[in-house]
There are 2 protein chains.
Amino acid sequence: METPDPFAVWLPLARAHKSVLASVETALKQAGLPGLDWYDTLWELECAGDAGLRPFELQEKLLLPQYGVSRLAERLAKAGLLARRTCNDDGRGQVLVITPEGAAMRARIWAVYSAAMQQAVTPHFSPGEARRLAELLAKLLRPAPADKI
Amino acid sequence: METPDPFAVWLPLARAHKSVLASVETALKQAGLPGLDWYDTLWELECAGDAGLRPFELQEKLLLPQYGVSRLAERLAKAGLLARRTCNDDGRGQVLVITPEGAAMRARIWAVYSAAMQQAVTPHFSPGEARRLAELLAKLLRPAPADKI
DNA sequence: TTGATATAGATGCAACTGCATTTACATGAG
DNA sequence: CTCATGTAAATGCAGTTGCATCTATATCAA
């Protein structure tokens, strides 16, 4: 049976990602705003609401290394965008909670982020194509079908 | 008319990229080999053959910043994987040429790279899906149709 | 309780990146 | 030729990342 060529997928995937990412990050930098790593973190914390998130939970959600989260949290805390609460259940841990300033910042980033991303993506696709592309990309993220490994 | 949702494309695009990239880079690291930036550079230089490439040409091909190429070339040269020749046409410039060791290294990286990438991608798609995905991703890289901007 | 092992998170150090600037040569106008 | 401007590449510095290790607490067996 015919085999799909994985490079025909990977090469444009890498380039498309690099290209869209670059336009978004450039737009954020021009607006004097922090990058997508800060945005993603603030987003997760805002979703978590008042309960906040443990650093290791953030680590799983964002696919970052442990020390990455540790230092990201440090910077965001220094910028006043999140608060570190001591964790009652576990003396080793802490709970990260977004501050009002953090939520405001997330909103400011979002305005620029969404506009730039839309500009970078929308013009290239019809709605049907966009849906199909999203669907196919999602397949890469699901665990592989057992019979194909 | 219905508008495609760009986030439905961007989010899985970013995640799929991160996920595949991570498996490839991990495999390279485990094999004690350099990362994809070195591979891409060696690949371009090998394609360019004996004529080599000017740093600014590499910069365009790899979408790297100027100082990024400058330092990458420095490291690759120190590792003996490329040679810097003085450029006869332009006294400011130089020409980067791959060495036999560089070509050998590219081949070693390729063995691991291709296997890891194949494992990360192939199981998720039928050949038809892979083709369609490659096609759609390529649309992101072409200049946008004029009537959609 | 005590000791062995596991987990949460921080951190020292070396390598890498981004930004701004610098050096050196090229080019074109006068 | 000479000066002003432009382009190729390097570099100092501050900030960031990766790796390995370290500290502190938790958990569980004996």
Side-chain angles (χ1 to χ4, degrees), chain A residues 18 21-41 44-45 48 52-79 81-97, chain B residues 18 21-41 44-45 48 52-79 81-97:
Chain A
K18 196 166 195 168
L21 184 69
S23 16
V24 173
E25 292 282 13
T26 298
L28 290 174
K29 206 155 287 179
Q30 281 192 329
L33 293 171
L36 289 184
D37 47 349
W38 285 38
Y39 179 83
D40 291 340
T41 307
E44 293 294 347
L45 289 179
L53 285 176
R54 301 284 300 270
F56 73 90
E57 294 176 302
L58 212 43
Q59 184 182 332
E60 287 158 13
K61 285 177 192 290
L62 302 180
L63 300 176
L64 290 176
Q66 180 268 319
Y67 53 81
V69 173
S70 173
R71 281 161 171 161
L72 196 48
E74 184 181 40
R75 283 170 230 146
L76 284 159
K78 192 166 356 183
L81 304 181
L82 65 76
R84 298 157 176 270
R85 292 204 192 129
T86 63
C87 180
N88 298 323
D89 299 347
D90 188 337
R92 297 165 299 182
Q94 59 186 286
V95 178
L96 306 177
V97 184
Chain B
K18 196 165 194 167
L21 184 69
S23 18
V24 172
E25 293 281 13
T26 298
L28 290 174
K29 207 157 285 180
Q30 281 192 328
L33 292 171
L36 288 184
D37 47 348
W38 285 37
Y39 180 84
D40 291 340
T41 306
E44 293 294 346
L45 289 179
L53 285 176
R54 299 286 300 270
F56 73 90
E57 294 176 302
L58 212 42
Q59 186 182 330
E60 287 158 14
K61 285 178 194 292
L62 302 180
L63 300 177
L64 290 176
Q66 180 267 320
Y67 53 80
V69 173
S70 174
R71 281 160 171 161
L72 195 48
E74 185 182 40
R75 283 171 233 146
L76 284 160
K78 193 168 351 184
L81 304 181
L82 64 76
R84 299 158 177 269
R85 292 202 191 131
T86 63
C87 178
N88 299 321
D89 300 347
D90 189 334
R92 296 167 299 183
Q94 58 185 291
V95 178
L96 306 177
V97 184

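Source: prediction; values computed, not measured. Letters A, B, ... mirror the listed sequences (proteins, then strands); counts begin at 1.
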* Asked: How many angstroms lie between NZ in B:Lys78 and CZ in B:Arg75, if you round to the nearest 0.5 Å?
  -> 9.0 Å
* **Positions of residues 24-33 of chain A (non-hydrogen atom under 4.0 Å from DNA chain C), listed by number** => A:Lys29
* **Minimal non-hydrogen separation, B:Lys18 against A:Leu63, with atom names** => CE-O, 3.7 Å
* Asked: For A:Arg75 and A:Gly91, take the nucleotide of DNA chain D holding the closest heavy atom to each; which residue's nucleotide lies nearer the 5' end?
  -> A:Arg75
Pairs of donor and acceptor atoms involving the side chains of residues 22-34 of chain A, under 3.5 Å and at least two apart or interchain, shall be tabulated with distances.
from: A:Ser23; atom 1: OG; to: A:Ser19; atom 2: O; distance (Å): 3.0
from: A:Ser23; atom 1: OG; to: A:Val20; atom 2: O; distance (Å): 3.2
from: A:Thr26; atom 1: OG1; to: A:Ala22; atom 2: O; distance (Å): 2.7

* Start and end of the DNA chain C segment that chain B contacts, any atom under 4.0 Å from a heavy atom -> C:dC16 to C:dA26
* Structure fact -> side-chain contact (heavy atoms from CB on, under 4.5 Å) test vs A:Leu72 passes for just one of A:Asp40, A:Thr41, A:Leu82, A:Leu96, namely A:Thr41
* Mind checking the CG-CG spacing from B:Leu45 to B:Leu76? Nearest 0.5 Å is all I need. => 8.0 Å
* Structure fact -> Here the residues of residues 60-72 of chain A within 4.0 Å heavy-atom distance, strictly under, of DNA chain D are A:Pro65, A:Tyr67, A:Arg71
* Where do B:Cys87 and B:Val95 come nearest, in terms of heavy atoms and distance? -> CB-CG2, 4.0 Å
* To do: Rounded to the nearest 0.5 Å, what's the gap from OH on A:Tyr39 to CD on A:Glu44? Could you check?
  => 10.0 Å
* So which heavy atom on B:Pro55 is nearest to which on B:Val69, and how close? -> O-CG1, 3.7 Å
* To do: Identify, between A:Phe56 and B:Asp37, the residue whose nearest nucleotide on DNA chain C lies closer to the 5' end.
  => A:Phe56
* Asked: Any side-chain heavy atom of A:Ser70 sitting closer than 4.5 Å to one from A:Glu74?
  -> no
* Structure fact -> Its 5'-most and 3'-most nucleotides having an atom under 4.0 Å from a non-hydrogen atom of chain A, DNA chain D is contacted over D:dT16 to D:dA26
* To do: Would you check if A:Asp37 and A:Leu62 make a side-chain contact, meaning some heavy-atom pair closer than 4.5 Å?
  => no
* To do: Please name the pair of heavy atoms, one in B:Ala48 and one in B:Leu53, separated by the smallest distance, quoted to 0.1 Å.
  => CB-CG, 3.6 Å
* To do: For residues 82-95 of chain B, pull every pair meeting salt bridge (Lys or Arg N to Asp or Glu O under 4.0 Å), keeping only residues two or more places apart or in separate chains.
  => B:Arg54-B:Asp90, B:Asp90-B:Arg92
* Is there side-chain contact between B:Leu58 and B:Leu64, with heavy atoms separated by less than 4.5 Å? -> no
